[in-house]
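Here is how names work: the chains are called A, B, and so on, in the same order as the sequence lines, proteins then strands, and each is numbered from 1.
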Protein chains: 2
Amino acid sequence: MKVSTIEDVARRAGVSRSTVSYALSGKRSISRETRERIEAAIAELGFTPNAGARALATSQTMVIGLFVQFFEDEFSPAMLQYVLPISDAAREAGYDILMVTETDGPHAVQRILSSGMADGVVLLNVAYEDQRLPVMRTMKQPGAMVGLPRNPDDFDVFDLDFAEAGRILVDHLAERGHREVILITPRQHVYERGGAYAWRFRDAALQQAASYGIRVRSYYGETQQPLVNQQLNTILDAREETAMIVHNDAVIAALPSVLYSRGIRVPDDLSVVGVFSEDFGKLFSLPYTAVETSPNKLGRLAVQALVQRMVGPRAANAPRVELVAPSITDRGSAR
Amino acid sequence: MKVSTIEDVARRAGVSRSTVSYALSGKRSISRETRERIEAAIAELGFTPNAGARALATSQTMVIGLFVQFFEDEFSPAMLQYVLPISDAAREAGYDILMVTETDGPHAVQRILSSGMADGVVLLNVAYEDQRLPVMRTMKQPGAMVGLPRNPDDFDVFDLDFAEAGRILVDHLAERGHREVILITPRQHVYERGGAYAWRFRDAALQQAASYGIRVRSYYGETQQPLVNQQLNTILDAREETAMIVHNDAVIAALPSVLYSRGIRVPDDLSVVGVFSEDFGKLFSLPYTAVETSPNKLGRLAVQALVQRMVGPRAANAPRVELVAPSITDRGSAR
DNA sequence: ATTTGTCGTCGAACCGGTTCGACAGTAGGG
DNA sequence: CCCTACTGTCGAACCGGTTCGACGACAAAT
């Protein structure tokens, strides 16, 4: 039952350790018969190279650190949409995922990277002034982020083009003649904390609306029930607007039942557009036209960029900052 | 920028490597002044022990493998409720989480454990005849599972007592005089695949209902929109029953909007009870009385048991199989 | 004064791989 | 037929920690 080492394999095949190693890696040529004997020995002993030893010898762990930040004021199921594609993409490239959810992000990054537990990291939910970035800069491992920080520096950054998303949705409503619009944004705390996507979206939307002469009333949306429903009802009580832009996962998830219960029909009584991924929409059965946030695409991009930087020669290429162009999925909820 | 090793620290403090190691671990006494010199050196050099080297020397990685299986026919957000508490509990015990989502579970377990990347594993979503178990048995690392397999063997197993949950909900309806009840279960495929929780719940519920003389009409619920809504409408079209037990995340998440749209009020027109965690209920704003599934409790229990087995002496104590007693949260959706 | 014990430290071996340089044997080129 | 080149293999060093046994210094016990 004791796990066998490369030494056991070597002995059994009657060769030296180095020969086994070369047979495994193919970095030197090995005669046909020797290789077969080694392979047989490996099969019989059920040998698998020890990851720690290999990491020590090669200074490569084949592990990617995935740093997730869960904020109480954010809607958790959205995160999973990033995590899964990242895990899949990593595995396809031969990497495993060390998932770190510590609340003290900077400290966690420091701990994992300085002990050499990962060859590189993906940072999720990156804030404008993300405290994990200064730590990353002192480490030698490369990093890729999802979410746009103020200074991307050496890192590959991927995010949705939220400004464009805001414009697209305003256009969509403007084309249909709406003049008064409600905008529900993420919670106020998200702005204060520096969730840049929040104000990138809002600023662009407001500016675009202004250019059309559209009046926008904007609210910071809640994220916890029963507050979400209460707030929605208050907003709808006072409503004069004909359309609603929702950039808040919790609010849009709760919207169908609130609208039903008030007898407000979409799009007849109210036009609604949002910002969410296709999967998210399915999950909550959302019948609303929305800008697709493509979490799987962003996650995969991040991993691919990171992998390139980990295997590639030093400073292989300039850091990428890619704002993915949003696409709109028309589900007919505005007219 | 090059990371420093214990050798660097030793040289700088004017001692030997072993002395530094002992100063770090405290396994032998070190004089006050030497320790201070070593600590100073460590601070100045920013030294952190290399995880790979330490793992090699101690055969301890301080990593827990977390094996998650995502089935297309299951509702994904539920999984996150387990993952987060597990990650937190692991960190509190000094472990990091290697999260593995490969579809080929048995192979993944084999790969991670035989290469010694983790000291132990937590298996999520364990099936009755889970193919990962035979692999686990050939490995030396301990494992804890969430979900009850046919033969728990050497492993610690934690799950909700779904049979009891079924009985509790039937009792709840029986007490209120219901004689005809709809039961919506997980998808048929879940039964075939061996998701034991599904039939443990259903069998107990049916038996309990029979003992009361309650008639139950049972349906395999869908998990993907728009099928979920379609099916619900079909079921409600034909309904003669006065109450509904829902043991299906996707269905219960979709239920409020379907009921609203049909003008069915709860509990006036229909009593509804379900099986879901408090967090899940908040997420989807579910106003239904339900049995609490306590994913956080189960996750933490699994980690704690695993940690005990990893640090403890060989075969420290008999394997635990713990079916957590369900508690009901009355939200007044049945009368 | 000698023995016994404790404290603090060091050197060396070990964990399990990878990789470099050396070398014997064989093949190809002149 | 000799020299060179290449193929296949081995031994040793190394990666960066931990741990065991040894040992000198000094204190306490006899």
Report summary line: Testing D:dC10, D:dG17, C:dA12 for proximity to the side chain of A:Val15, the answer is D:dC10
Query raised in the report: Picking from C:dC7, D:dG17, C:dG17, which would you name as closest to the side chain of A:Ile6?
Result: C:dG17
Using OP1 and OP2 only, check whether a side-chain N or O of [X] sits under 4.0 Å from [N].
X: A:Ser16; N: D:dG11; value: no
X: A:Ser21; N: C:dT18; value: yes
X: A:Arg54; N: C:dG16; value: no
X: B:Ser18; N: D:dT18; value: no
X: B:Lys27; N: D:dT19; value: yes
X: B:Thr19; N: C:dT9; value: no

Requested in this report: Pick base, sugar-phosphate or nothing for A:Gly116, based on heavy-atom distances below 4.0 Å to the nucleic acid.
Outcome: nothing
Query raised in the report: Which part of the nucleic acid, if any, lies within contact of B:Ser31, taking any heavy atom under 4.0 Å across all strands shown: a base, the sugar-phosphate backbone alone, or nothing?
Result: sugar-phosphate
Report task. Apply the side-chain contact (heavy atoms from CB on, under 4.5 Å) test between B:Val121 and each candidate in B:Leu113, B:Leu66, B:Val63; give the one that qualifies. Result -> B:Leu113
Query raised in the report: Does some side-chain heavy atom of B:Arg11 sit less than 4.5 Å from a side-chain heavy atom of B:Asp8?
Result: yes
For [X] and [N], what is the distance between atoms [atom1] and [atom2] respectively, to the nearest whole Å?
X: B:Ile30; N: C:dT6; atom1: CD1; atom2: C1'; result: 14 Å
X: B:Glu33; N: C:dT9; atom1: CD; atom2: C1'; result: 12 Å
X: A:Glu36; N: D:dT9; atom1: CD; atom2: P; result: 12 Å

Report task. Using atom types as modelled and distance alone, determine if a side-chain donor or acceptor of B:Gln141 lies under 3.5 Å from a backbone N or O of B:Ala118. Result -> yes
Report task. Please confirm whether any donor atom in the side chain of B:Tyr22 sits under 3.5 Å from an acceptor in the base of C:dC7, or the reverse. Result -> no
